[in-house]
Every structure is written in structure tokens, then in C-alpha cells.
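Every chain is numbered from 1, with letters handed out A, B, ... down the list of sequences.
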Number of protein chains: 2
Amino acid sequence: MHPLGRVTIGDVARTAGVSVATVSKVINGRYGVAAATSSRVRAVIEQLGYESSLVARSLRSHRTHVIGILVAEFEPYSTELLKGTSTGVTGTGYELLAYSGGGRAGEDVGWERRYLSRLSGTLIDGAILVTPTVVDVQFGIPVVAVDPHTGPSGLPTVDSDNLAGAVTATEHLINLGHKRIALLGGRPDLESARLREEGYRQAMGAAGIPVDDDLVRVGGYRPGTSDRPARELLTLAQPPTAVFAANDLSAIRVMEIAQTLGFRIPQDLSVIGFDNVPESTMSRPPLTTIRQPLQQMGAEAMRMLIDLIDGKEREPHLCLPTELVERDSCGPPRC
Amino acid sequence: MHPLGRVTIGDVARTAGVSVATVSKVINGRYGVAAATSSRVRAVIEQLGYESSLVARSLRSHRTHVIGILVAEFEPYSTELLKGTSTGVTGTGYELLAYSGGGRAGEDVGWERRYLSRLSGTLIDGAILVTPTVVDVQFGIPVVAVDPHTGPSGLPTVDSDNLAGAVTATEHLINLGHKRIALLGGRPDLESARLREEGYRQAMGAAGIPVDDDLVRVGGYRPGTSDRPARELLTLAQPPTAVFAANDLSAIRVMEIAQTLGFRIPQDLSVIGFDNVPESTMSRPPLTTIRQPLQQMGAEAMRMLIDLIDGKEREPHLCLPTELVERDSCGPPRC
DNA sequence: CTGTTAGCGCTTTCAC
DNA sequence: GTGAAAGCGCTAACAG
């Protein structure tokens, strides 16, 4: 046996007094092994605690029953999705492998292509790409995208109704009586951010409220990136009475900065977010937001991917509904 | 080039008109390659979009700069930890690979040994085991355990102060005026569950309140496993006025069942949990609980593991403090 | 400087 | 029914 507890198929073969090929056959339930041999080998496997190496096996056989979830980073959004894929995969016989770079991936367009190249063809039978930046159509293995930056295009996609959600958010603020409503949007290269801005403009237009372009700012989805625009918004000569932030993390940041600046929420400023990540319930005050059914999106993406692997035809785009979640960060304007 | 977009080192070599070995050398920055050759190969790599296969590479070189996080399932507890490992790994040059079975692992003692065998020696340089059931000391690669079932033993371990947390929880209930305090514990084979029960008994003893053994029940950490004991507790002739549940998910379940039975919370029944997973803020009412610093535990486990890989000496056991998080599920007893 | 060779742990023909 | 041999994509000696 090897020095460090690593048991290989060779160790099993030697101990059982058979060839490596035979051990492989019993492991994979191939025909052509005597019952006696089979059970002897099985006993040795048990005794040695042997488990076949995923790596070596996949290099050869190109079918691993492992599905990859590729994310830029493990943060609230991707981990909610992960919970969903976990429930979606139970009972299917697949195992899950979530892969993420060391945090550098965030700034780095094309991370998903690199990760996929590293893992596909070997190791994973299919992949779910979480908010990929570019979506080449050619990947070599079945792939489904969740909320891709560029919107559904080519790849099978799961996302949620960003436009309707943004309209709902804006209408909620309007119904509360707000007129000076700011938008702290996301990066313009993100389709979801674009749709959320469009929803904002639609709702404002429908209510006959002109959009003051001073109140429309670009933030980011990542911590820190929305600090500056938020501060600018709130230190305007005539600050907004409400802010629609394009994701929860930036909405929470807006609240923190506003409070630093002396605003009380929701009395002096209403804030609404987007996503409904668990963190939105922990802010002070708890954040009113638009729920994306993230766990469900993860589970659906998993189902879609497994169908793809099995060669079943599927509608290539699934768009799940969003909904308003009222908590305590919105109220009528002070006037 | 291969049919499906898979580009191998062989393709690169052929296109660049050099041998596979040379390509390998430029990829790994080995000495002994002419500058001209090197840049030509680099250009081809770029052009073909080649990325070396993690699998093939790791099979050979046994150093991958990938760290594995092995979990039974992606649920609130493990994903919080995951967020922490993600922040702990940034800037270290390592990538993260979180591996989970298809949900069957939960019931299955020894899952961590199997996963580790499948991945270690190849693929990952070290592993973080999340709530492993058994901890053999011999694993072949550096391993750190987070909150192992059997408590710290042999393996480097990160956990939190379960005993003190349980004392705090019970004292909180006692200070509120409760005397009939039930414990819905965890599986007795879990060290953490044992410590939480011990904390409960210590606090009760210190306050001079005898423990009614009818009020001490065993639940489970997984959904569904605490329904029966919870119902039994609440339908007692003389039900408790407060319940200390040994984790948040079971505490939330207790509240749901109590409400079904007509209890108002916290007026008729106080409930306190343990863990402070994000879900505890979303229950109705929001759950008072004991916080384990899960993200911090993840980050610390990552640091400990990297030190181990680098051969640095470390204190083998890190125990982080717990703290009371007051929300709305606890109040004084009714009478 | 570059290519040839061997082999990581495994599966898979194909002889015996 | 069983084993020898080839090869998956890659890296690491070693020759040339």
C-alpha cells in the first residue's frame, strides 16, 4: 500500500490476486467476471477502503456523473443558486462540483470559458454557468446559463423577469407618493441591469413623471462599487426621496451611506433593492426588495441541464416571475 | 482540432510545429525554451483558446493549487461557510472546488472519506471537511475539519463555542422568567449537540431549575427530523413555555408547528435557535438565536489549511466565540 | 534549446 | 473468465 493512505486500483488488484482490468470490471459491473472473483475483489475494496479516483476515471471514460456549477465567486447570489441546484440534483444520481476562482474572476471577462476548458471533456458531464460574461455557443459539453450578462442568446438560459420586477419596484415607490426617484443601476454591459433601468423608465413614463437624469447613476453589483454614486446621489442639492438600487447589496450600501449622512430610513429616504438575497433581511431596516426565485432558478437550471445531457428537447429559455417583498425600507415621502 | 471545441496540448503543439513537451514547458514557465519559440507557442495558445486540463495535469503533477471544500449538501450552514472560504482564499493563488454528493450523503456516515478518496492525491492540494462524521487521522493530503461530529480529535479543527452558546441561550430564556424550558436537541452522536445539551443542563442547574426529562427531546439537524419530537413537546399536558432548539432550522420548524397548534410566538411560546443562518431572519417571527460566526469560521479554516499546505506550524484547534442575537421569537412567559 | 520516453490511475478492446 | 496492452492529456526526466 502507498505511503499516505492513497489506495489505487493496483493495490486492490495485487491484494486480491487479480489483474487491474478485472478489478475495473467488478467496479463497473461489467459482465464476464466469476461470482467468486467478484465477491473476493469486493471484499478487498471494502477492506482497503478503496474509492476510484474521479480524475483518473474521467480522463479515460468521459462520463463522470458529476455536474459542474461554475461561479466567479461564492457570494450570496451564487450560493442561493447553489442551494437550488442541490435540491434539483437529489435523486438524479449526479454529484455536484462547484468551482470558483480565487476571487480574481470577478473583474475578469471570460472566466467561464477558462474554467470550462479546465474542467470539461473530463471531470464534468455538463455545466451550469452562473452569470457568465460571454456565452460562446460552442462548449463541448451541455451547458446552461443562469442570468447571463448578455441576456439569453444561443445557450439554454434560466433567468427571471427583470423588466417586470423593475416596473414593480418603481411603481411601488410611485404608489407610496414618491416623485424624485433615483436609480442606482448596474453595469451597462449587463443585460439584467439594462432591463432594470428600462423597467424604471417605463414605470416613470407610465406615471407621467419625467426622469431627472441627475438621479440615474451607474453602480456595480460588487461591494464598494456603488459607494461613490450613492454618495453623489444623496449629496445632491435636491436629493431623491427614494432610491431603486439594482441589486440588494448596493441597496444595503445605499442605506448605510444614507444613515451616515443623517437620513432616517424610511422617513427621509425610501430604498428598494432587487434579488431578495438572505442578507436583505439582516439590514437595518430590513430591505424592501424584488424577489428573484434564486433557489428555484438553480433547481430549474439543473433540470434543464440533465434533460440536455439525456438528449431531451427543451424550451431553451426559462424566465421565472419576480415579486415584491415588502419589508421596512420604504414609506411615503416626507414632502 | 477536435470535434467539439476541446483543444488539447497536442493541438497546440501541432499548430505551433513543436513537441508537446515544449508546449508544456512554456505553459509552466520552465527554463530552456527559446524566446521566439515561446512567443509563437503563446500566440497559438491564445488563438486556439487553449486551457490545460486540470484533470490531466493533476494526474501527473500532484500539485494543482485547488482546494476542496467537501460538504454533504449545499444548505444554509455549508453555504455560509463557503462564503467565508471564498473570502479567505482571495489573494492566495488557490482556486476553490466545492464538492457535494447528490443529497444522499446526509444519511451516510463516512461520506467524507469517500469524497476525499475520489478527489485527493489528484485534483486537490488540501481539503476542508464540513461537519464530517468520522475523522480518520490519515488522509494523504492536508485536511482541516469544521465542526466535526465527534469534536476535535487528531485533525486540525475549527469550531465555535457550543457549550458557552448553549448556556447563553438557556440563560436568556431563564432571565426572561421561563422555568419550563424544553430542549430539542440534535443527534446524540454529534459532539456539538452533546455540548449544547450540556450547556442547557449547566444553565438550568446554575439557576436551580430542575430539568424535567419529558422536556428533553432528540431532533435532528435536517428538515423533517424534528417534526415529531416538536409536536410531542407541544402537545404535552403541561407544555413548555420556551424551547431551545439545537439549530435554527429545527427552531423554525418548532415555530411553524407551534403556530399550527394555535400557539402565538412569543406570547404563548418562546423559541431560541442556534447558528444564525440567514434563514433565521426570514421566519415569522424572526428568530432569536445564537450566532456562530460561520463565515469567519470558513475563512479561518482556509487560512489554517493553507498554512498546513505550506508546512507552517499551527495551533490545531481554533474555537470561535458565539453570541446572542435577539430578534422576536422570545419573550416573558404568559402567566 | 528541443524532442523522445515513460507513466500518473483508470477503462477498454482483444487475445488467451 | 481473465489479463496484457494501449491510451486519455499532461509533466518530468533524459537524450540529443
Side-chain angles (χ1 to χ4, degrees), chain A residues 1-14 16-41 45 48 50-66 117-125 140-141, chain B residues 1-14 16-41 45 48 50-66 117-125 140-141:
Chain A
M1 205 161 110
H2 296 218
L4 291 161
R6 161 111 316 82
V7 183
T8 72
I9 196 173
D11 299 320
V12 175
R14 209 169 312 118
V18 295
S19 78
V20 167
T22 304
V23 176
S24 175
K25 277 174 199 152
V26 350
I27 290 168
N28 297 291
R30 297 276 173 280
Y31 289 110
V33 183
T37 314
S38 177
S39 61
R40 181 155 40 94
V41 170
I45 288 175
L48 260 40
Y50 168 74
E51 187 80 16
S52 76
S53 158
L54 183 58
V55 167
R57 174 197 290 248
S58 73
L59 190 54
R60 209 51 249 259
S61 64
H62 290 199
R63 190 73 198 273
T64 57
H65 292 282
V66 174
S117 298
R118 286 168 69 81
L119 303 181
S120 86
T122 43
L123 241 214
I124 56 178
D125 291 345
I141 54 171
Chain B
M1 207 160 111
H2 295 218
L4 291 162
R6 161 110 318 80
V7 183
T8 72
I9 196 173
D11 299 321
V12 175
R14 210 169 311 118
V18 296
S19 77
V20 167
T22 304
V23 177
S24 175
K25 277 176 200 151
V26 348
I27 290 169
N28 296 291
R30 296 276 174 280
Y31 289 109
V33 183
T37 314
S38 177
S39 60
R40 181 155 40 95
V41 169
I45 287 175
L48 261 39
Y50 168 73
E51 187 80 16
S52 75
S53 158
L54 183 59
V55 167
R57 174 198 292 249
S58 72
L59 189 55
R60 209 49 251 255
S61 65
H62 291 199
R63 189 72 198 272
T64 58
H65 293 282
V66 174
S117 298
R118 287 168 68 81
L119 303 181
S120 86
T122 45
L123 240 214
I124 56 179
D125 290 346
I141 54 171

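- Atom CZ of B:Arg57 and atom C1' of D:dA12 are 13 Å apart (whole Å).
- OP1 or OP2 of C:dG9 has not a single side-chain nitrogen or oxygen of A:Ser53 nearer than 4.0 Å.
- Among the protein residues, A:Ser58 comes within range of no part of the nucleic acid, since none of its heavy atoms lies under 4.0 Å from any strand.
- Put simply, B:Ser61 has no side-chain N or O that comes within less than 4.0 Å of OP1 or OP2 on D:dT11.
- Side chain of B:Ala21, nearest nucleotide from D:dC8, D:dG3, C:dT4: C:dT4.
- Taking side-chain N and O atoms only, A:Ser52 has no distance below 4.0 Å to OP1 or OP2 of C:dC10.
- The CD1 atom of B:Ile27 sits 11 Å away from the C1' atom of D:dG9 (whole-angstrom rounding).
- With DNA chain C read from its 5' end, the first of the two nearest nucleotides for B:Arg40 and B:Ala56 is the one closest to B:Arg40.
- Using a 4.0 Å heavy-atom criterion, one finds that B:Tyr50 contacts the sugar-phosphate atoms exclusively.
- Remark: C1' of D:dG9 and CG of A:Leu123 are 13 Å apart, rounded to the nearest angstrom.
- Under the rule for a ring pair (Phe, Tyr, Trp, His ring centres under 6.0 Å), A:His62 has no partner lying at least two apart in sequence or in another chain.
- Nearest approach of B:Glu51 to A:Ser117, heavy atoms of both residues: CB-CB, 3.3 Å.
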### side-chain contact (heavy atoms from CB on, under 4.5 Å) between A:Ile27 and A:Ile45, worked out
CA-CA 9 Å; A:Ile27 290 168; A:Ile45 288 175; 4.0 Å; yes

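- Between the C1' atom of D:dG9 and the CG atom of B:Asn28 lies a distance of 13 Å, rounded to the nearest Å.
- Looking only at side-chain heavy atoms (C-beta outward), A:Leu123 and A:Leu54 come within less than 4.5 Å of each other.
- Residues B:Arg57 and B:Ile9 are not in side-chain contact: their nearest non-hydrogen atoms beyond the backbone lie 4.5 Å or more apart.
- Distance, A:Asp11 CG to C:dC10 C1': 13 Å, rounded to whole Å.
- Using a 4.0 Å heavy-atom criterion, one finds that A:Ser24 contacts the bases of the nucleic acid, with or without backbone contacts as well.
- Between the CG atom of B:Leu48 and the C1' atom of D:dG9 there is a distance of 15 Å, given to the nearest Å.
- When the side-chain nitrogen and oxygen atoms of B:Arg30 are compared with OP1 and OP2 of D:dA12, one or more of them lie within a distance under 4.0 Å.
- Contact record, A:Thr37 with A:Val33: CB-CG1, 4.0 Å, taken as the closest heavy-atom pair.
- Following rounding to the nearest Å, A:His62 (NE2) and C:dC10 (P) show an atom-to-atom distance of 16 Å.
- Closest to the side chain of B:Arg60, from the set C:dT2, C:dG9, D:dG9, is D:dG9.
- When distances run from any side-chain atom of B:Leu59 to the nucleotides D:dT2, C:dG3, D:dG9, the shortest one goes to D:dG9.
- Between A:Ile9 and A:Lys25, the residue anchored nearer the 5' end of DNA chain C, judged by the nucleotide with its closest heavy atom, is A:Ile9.
- As judged by a 4.0 angstrom heavy-atom cut-off over every strand, A:Val55 is placed among residues making no nucleic acid contact.
- Of the candidate nucleotides D:dT11, C:dT12, C:dT2, C:dT2 has the atom lying nearest to any side-chain atom of B:Thr37.
- Rounded to whole angstrom, the span from the OH atom of B:Tyr31 across to the P atom of D:dA13 amounts to 17 Å.
- B:Ala34 comes within contact range of the sugar-phosphate backbone alone, with a heavy-atom separation under 4.0 Å but no base atom that close.
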